[in-house]
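Okay, so here's the structure we're looking at.
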Amino acid sequence: MKIKCEYCDNTYEDTLPQCPYCDAPNPSHQQVKGAPKTIADLQQWYKDRNLPPYETTRFFIGEDHQGPRAFGIYQDPSNGEFIVYKNKDDGSRAVRYRGSDEEYAVNELYLKLKDEIVHQKARTGYGSPSPSSSGKKSRKMILYGAIGIAMAGYFVGSVAASRHNGYYNYNNTVYYNYDNSWYYYDDVYDDWYETGSYDPGVNAIQESYDDYYVSSSWNSDVGATDWDNTEYYEETHSSSSSSDSDYDWDSGSDWDSGGTDWDSDW
């Protein structure tokens with residue numbers, strides 16, 4: 001997938017560690033401290049989280065799974081390259097990474113797996129990782145807390161609202177919700193911004209999510225750039241915002257892979 005460099009505005013593949021035009025670092029090319037570095041490490045991390053079988057989560061670690069609807073990583077025995085892939089709904093394969101850097105390849109699938117766990121927990125009501133510790137989000141929560149009783153109903157509904165993560169369209173403005181933090185897309189500046197405390201669009205959407213819902217993940221019909229490529233994604237998915245135990249899975253909870261966008265490349 002192509003991303004735009006924040007410094008020179010050129011576009012390049014997001015799998016590259018830095019912009020090939022100006023050498024600026026790729027903000028999404030992050031190696032989380034303490035993250036698995038090998039396929040065996042990732043298999044153990046998966047096991048330690050008590051996650052369901054690969055056939056349930058659709059994450060095949062160390063396997064070249066040929067069926068549709070699958071994420072995976074394996075080492076090609078013919079040349080030793082590590083391959084990170086996604087098999088789409090129609091069975092076609094999108095290769096996320098192919099190369100000799102096992103740590104980078106593992107990290108790509110590791111981040112995707114953690115993100116999927118977050119969304120699965122939100123969809124099933126099982127819960128979600130700890131909220132981001134970023135200043136922006138903290139200030140927003142402090143503001144809501146200061147409002148007090150008048151906003152009590154908002155707090156009660158915030159957990160339920162986290163189940164509605166994704167893109168929305170209200171009056172031709174695209175919004176994105178992540179765990180009840182809301183962002184809007186400005187098509188003039190071609191960028192995402194955090195909404196104010198009392199955005200009328202957010203208020204309307206929260207009264208009837210289904211009326212304005214577009215998609216749980218980015219696709220060409222969203223009408224905006226991919227929110228996952230913004231600084232807000234980095235903040236909310238920062239390794240400092242949650243611990244590995246936050247990704248533990250309760251064996252009594254359901255995993256619904258039907259909520260995954262199987263038509264996108266990643």
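All values derive from a computational prediction rather than experimental measurement. Start at 1 with the first residue, then count along the sequence.
Take Pro200 and apply the side chain to side chain contact (heavy atoms under 4.5 Å, CB included) test, not counting sequence neighbours, and it matches no residue. Under the rule for a side-chain hydrogen bond (donor to acceptor under 3.5 Å, both in side chains), the partners of Ser217 that lie at least two apart in sequence or sit in another chain are Asp261. Residues forming a side-chain hydrogen bond (donor to acceptor under 3.5 Å, both in side chains) with Glu63 (at least two apart in sequence, or on another chain): none. Take Arg49 and apply the side-chain hydrogen bond (donor to acceptor under 3.5 Å, both in side chains) test, not counting sequence neighbours, and it matches Asp248. Scored by the ring pair (Phe, Tyr, Trp, His ring centres under 6.0 Å) test, Phe82 finds no partners at all (sequence neighbours excluded).
Counting heavy atoms from C-beta on, the side chains of Tyr213 and Tyr167 never come closer than 4.5 Å. Tyr110 places a side-chain heavy atom less than 4.5 Å from the side chain of Lys114. Using a 4.5 Å heavy-atom cutoff, the side chains of Val84 and Val95 are not in contact. Using a 4.5 Å heavy-atom cutoff, the side chains of Asp64 and Arg93 are in contact. For the pair Trp182 and Glu194, the minimum side-chain heavy-atom distance is 4.5 Å or more. Side-chain contact check for Ile73 versus Val106: some heavy-atom pair is nearer than 4.5 Å.
Checked by atom type and distance alone, the side chain of Tyr85 pairs as donor or acceptor with a backbone atom of His65 at under 3.5 Å. In this structure, the side chain of Asn87 does not engage the main chain of Ala70 through any donor-acceptor pair within 3.5 Å. Using a distance-only test at 3.5 Å, with no hydrogens or angles considered, no donor-acceptor pair links the side chain of Tyr74 to the main chain of Ile61. Asp199 places no side-chain N or O within donor-acceptor distance of the main-chain N or O of Thr195, the cut-off being under 3.5 Å. Side-chain N or O atoms of Thr260 include none that pairs as donor or acceptor with a backbone N or O of Trp262 at under 3.5 Å. Counting only distance, with no hydrogens or angles, the side chain of Arg58 and the backbone of Gly72 share no donor-acceptor pair below 3.5 Å. Side chain of Glu103 to backbone of Thr38: no donor-acceptor contact under 3.5 angstrom is found. Of the possible polar contacts, none joining the Ser264 side chain to the Asn219 backbone as a donor-acceptor pair under 3.5 Å is found.
Across Tyr233, Trp227, Tyr232, a single residue satisfies ring pair (Phe, Tyr, Trp, His ring centres under 6.0 Å) together with Tyr178, and that is Trp227. Partner of Val174 under the side chain to side chain contact (heavy atoms under 4.5 Å, CB included) criterion, chosen from Asp186, Asp187, Val222: Val222.
Side-chain rings of Trp192 and Tyr185 approach one another, their centers coming within less than 6.0 Å. Aromatic rings from Tyr176 and Tyr168 are positioned such that their centres are separated by 6.0 Å or more. Between Tyr184 and Tyr170, a ring centre-to-centre spacing not shorter than 6.0 Å is recorded. Between Trp266 and Tyr97, the ring center distance fails the sub-6.0 Å criterion.
Closest approach of Tyr212 and Ala204 over heavy atoms only: CE1-O, 3.6 Å. Residues Asp226 and Asp228 come closest through the heavy atom pair OD1-N, 2.9 Å. Pairing each heavy atom of Asp254 with each of Trp249, the nearest pair is O-CZ2, 3.2 Å. Heavy-atom minimum distance, Asn107 versus Ala35: OD1-CB, 4.2 Å. Residue Trp255 comes nearest to Ile117 through the heavy atom pair CH2-CG1, 3.8 Å, listed as atom of the first residue, atom of the second, then distance. Here the shortest heavy-atom pairing between Ile39 and Gln75 reads CD1-N, 4.2 Å.
Remark: Asn171 CG to Ile205 CD1 distance equals 9.5 Å, nearest 0.5 Å. Cys19 contributes atom SG, which lies 6.0 Å from atom CG of Asn10 (distance to the nearest 0.5 angstrom).
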Under the criterion side-chain contact (heavy atoms from CB on, under 4.5 Å), I'd like the reasoning laid out for Asn177 against Tyr183: C-alpha separation, chi angles, the key distance, then a yes or no. CA-CA 7 Å; Asn177 174 36; Tyr183 310 84; over 6 Å; no

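The environment of Asn79 atom CG is dense: over 12 non-hydrogen atoms of other residues, nucleotides or ligands sit within 6.0 angstrom.
Listed by first then second residue, pairs satisfying salt bridge (charged side-chain N to carboxylate O under 4.0 Å, His left out) with a partner in residues 80-90 read Arg69-Asp89, Glu81-Arg98, Lys88-Asp265, not counting sequence neighbours.
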